[in-house]
K.L.:
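Please see the structure below; I have some questions.
Read the numbers this way: they start at 1 and go in the same order the structure lists the ligands and their atoms.
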Amino acid sequence: MYTLLSGLYNHLTRKEEYYVLIIGLDNAGKTTLLERIKSVFMGVSSLPPDKIAPTVGLNIGRVDIKSSRINFWDLGGQRDLQSLWERYYSECHAIVFVVDSTDSKRLEECKDTFEKMITNDAVEGVPLLMLANKQDLPDALRVEEIKEVFNKIAVKLGARDSRVLPVSALEGHGVKDAIDWLILRLQRNKMNRPPIFR
Ligand code: G3D
Ligand code: MG
């Protein structure tokens, strides 16, 4: 009887667990975004921006949203760290690619990095959210202008859910909507990349 009840209890309380990568060039705002996600969804106060150091390894944020647990992996974006991203591709359920909308000089480099990632077989079919970050700054490119650059390689996206959305990780604008979009896609892509049950 006890086994039956505890089995039922475990079944009712088990969480679907997903892994989401946050990648993009260094300085795009990935760690700031992770801190913002934690504060929006967990109510924890985020690290003040002056306490966020360049990411050398990996920052992990665990966020419970509805019945799911989302583990965000914020990976360092410096060029020598980008080669490590691939190790996480086969295990992730979705990818958030952060773009610094004020850094038009590095937009081509950003596009090349993005292209290399989406053409990797290990992320085929994985939902992809591109965030045009730093929209609070007056010199930020608009989402349409960023889309124009990336449209050139859009055919390489294949059959996957993808979206480009404007955000300010620093001020929080657009972050909740963006993550809500992502969660729906994680659910939709369950057959391809099933969650882990804990
Ligand atoms: P990274 O993790 O992608 O390398 P960080 O980037 O999160 O460390 O952010 C790099 C810098 O961009 C930080 O500024 C951070 O405050 C700033 N930043 C991140 N997101 C935003 C945003 O939405 N708006 C604005 N205005 N700035 C943002 P510093 O000055 O600490 O280097
Ligand atoms: Mg960082």
K.L.:
I'd like to check Ser68 versus Gln187 (side-chain heavy atoms, cut-off strictly below 4.5 Å). Are they in contact?
P.N.:
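Ser68 reaches Gln187 side chain to side chain.
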K.L.:
Which of the numbered atoms in ligand 1 are under 4.0 angstrom from any heavy atom belonging to Ser168?
P.N.:
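The list of qualifying atoms is 23 (O).
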K.L.:
Looking only at non-hydrogen atoms, which of His173, Lys134, Arg36, Glu35 approaches atom 12 (O) of ligand 1 most closely?
P.N.:
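Closest candidate by heavy-atom distance is Lys134.
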K.L.:
Does ligand 1 have a heavy atom under 4.0 Å from the side chain of Asn27, from its backbone, from both, or from neither?
P.N.:
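Contact part for Asn27 vs ligand 1: both backbone and side chain.
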K.L.:
According to side chain to side chain contact (heavy atoms under 4.5 Å, CB included), who are the partners of Ala169, at least two apart in sequence or on a separate chain?
P.N.:
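If we apply the side chain to side chain contact (heavy atoms under 4.5 Å, CB included) test to Ala169, skipping adjacent residues, the hits are Thr32, Leu33, Asn133.
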K.L.:
Are any N, O or S atoms from Thr31 nearer to the Mg ion (ligand 2) than 2.8 Å?
P.N.:
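Checking Thr31: at least one N, O or S atom is under 2.8 Å.
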K.L.:
Answer side chain, backbone, both or neither: which part of Thr31 comes under 4.0 Å from ligand 1, heavy atoms only.
P.N.:
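It is both parts that get close, each with some atom under 4.0 Å.
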K.L.:
Hey, which of Asp100, Leu170, Thr102 is the one that makes side-chain contact (heavy atoms from CB on, under 4.5 Å) with Leu137?
P.N.:
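The passing option is Thr102.
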K.L.:
Quick one: does Gly24 get within less than 4.0 Å of ligand 1, heavy atoms only?
P.N.:
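Outside the 4.0 Å threshold, so no.
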K.L.:
Taking distance alone, with no angle check, do Lys30 and ligand 1 share an N/O pair under 3.5 Å?
P.N.:
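Yes.
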K.L.:
Have a look at His93 and tell me which of Tyr18, Tyr88, Trp73 forms a ring pair (Phe, Tyr, Trp, His ring centres under 6.0 Å) with it.
P.N.:
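The single option meeting the ring pair (Phe, Tyr, Trp, His ring centres under 6.0 Å) with His93 is Tyr18.
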K.L.:
Is there a polar contact between ligand 1 and Thr32, counting only N or O atoms under 3.5 Å apart?
P.N.:
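Between Thr32 and ligand 1, an N or O pair is found under 3.5 Å apart.
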K.L.:
I need the atoms of ligand 1 closer than 4.0 Å to a non-hydrogen atom of Asp26, numbered in the order shown.
P.N.:
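In order of number, 4 (O).
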K.L.:
Measuring from atom 27 (N) of ligand 1, which candidate in Leu34, Val98, Leu170 has the nearest non-hydrogen atom?
P.N.:
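Nearest option to atom 27 (N) of ligand 1, by heavy atoms: Leu170.
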K.L.:
Between Val167 and ligand 1, does any nitrogen or oxygen pair lie at a separation below 3.5 Å?
P.N.:
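Among all N and O atoms of Val167, none is under 3.5 Å from an N or O of ligand 1.
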K.L.:
Any ring pair (Phe, Tyr, Trp, His ring centres under 6.0 Å) involving residues 132-163? Give me the pairs, sequence neighbours left out, ordered by first then second residue.
P.N.:
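Every pair satisfying ring pair (Phe, Tyr, Trp, His ring centres under 6.0 Å) with a residue in residues 132-163: Phe114-Phe150.
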K.L.:
May I ask you to check whether Gly29 has an N/O atom sitting below 3.5 Å from an N/O atom of ligand 1?
P.N.:
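Yes - when backbone and side-chain N and O of Gly29 are compared with those of ligand 1, one distance drops under 3.5 Å.
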K.L.:
Say whether Gln135, considering both its backbone and side-chain N or O atoms, lies within less than 3.5 Å of an N or O atom on ligand 1.
P.N.:
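No; the residue has no nitrogen or oxygen that sits under 3.5 Å from a nitrogen or oxygen of the ligand.
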K.L.:
Numbering the atoms of ligand 1 from 1, which are under 4.0 Å from a heavy atom of Leu137?
P.N.:
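Once the distances to Leu137 are compared, the set is 26 (N).
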K.L.:
Out of curiosity, Met117 CE to Leu128 CG, how far, rounded to the nearest 0.5 Å?
P.N.:
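It is 4.5 Å, given to the nearest 0.5 Å.
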K.L.:
A quick test of your reading: do over 12 heavy atoms of other residues, nucleotides or ligands sit less than 6.0 Å from CD of Glu124?
P.N.:
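Count not over threshold, so no.
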K.L.:
Run the numbers on Val63 and Phe72 for side chain to side chain contact (heavy atoms under 4.5 Å, CB included), then give the verdict.
P.N.:
CA-CA 8 Å; Val63 177; Phe72 289 95; 4.1 Å; yes
K.L.:
Is it the case that over 12 heavy atoms from other parts of the model lie below 6.0 angstrom from the NZ atom of Lys116?
P.N.:
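Check fails, neighbour count at 12 or below.
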K.L.:
If we ignore hydrogens and angles and just use 3.5 Å, is the side chain of Arg160 paired with the main-chain N or O of Val123 as donor and acceptor?
P.N.:
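Between the backbone of Val123 and the side chain of Arg160 there is a qualifying donor-acceptor contact (under 3.5 Å).
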K.L.:
Please work out which of Asp74, Ile23, Asn133 has its closest non-hydrogen atom nearest to atom 20 (N) of ligand 1.
P.N.:
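Among Asp74, Ile23, Asn133, the closest heavy atom to atom 20 (N) of ligand 1 belongs to Asn133.
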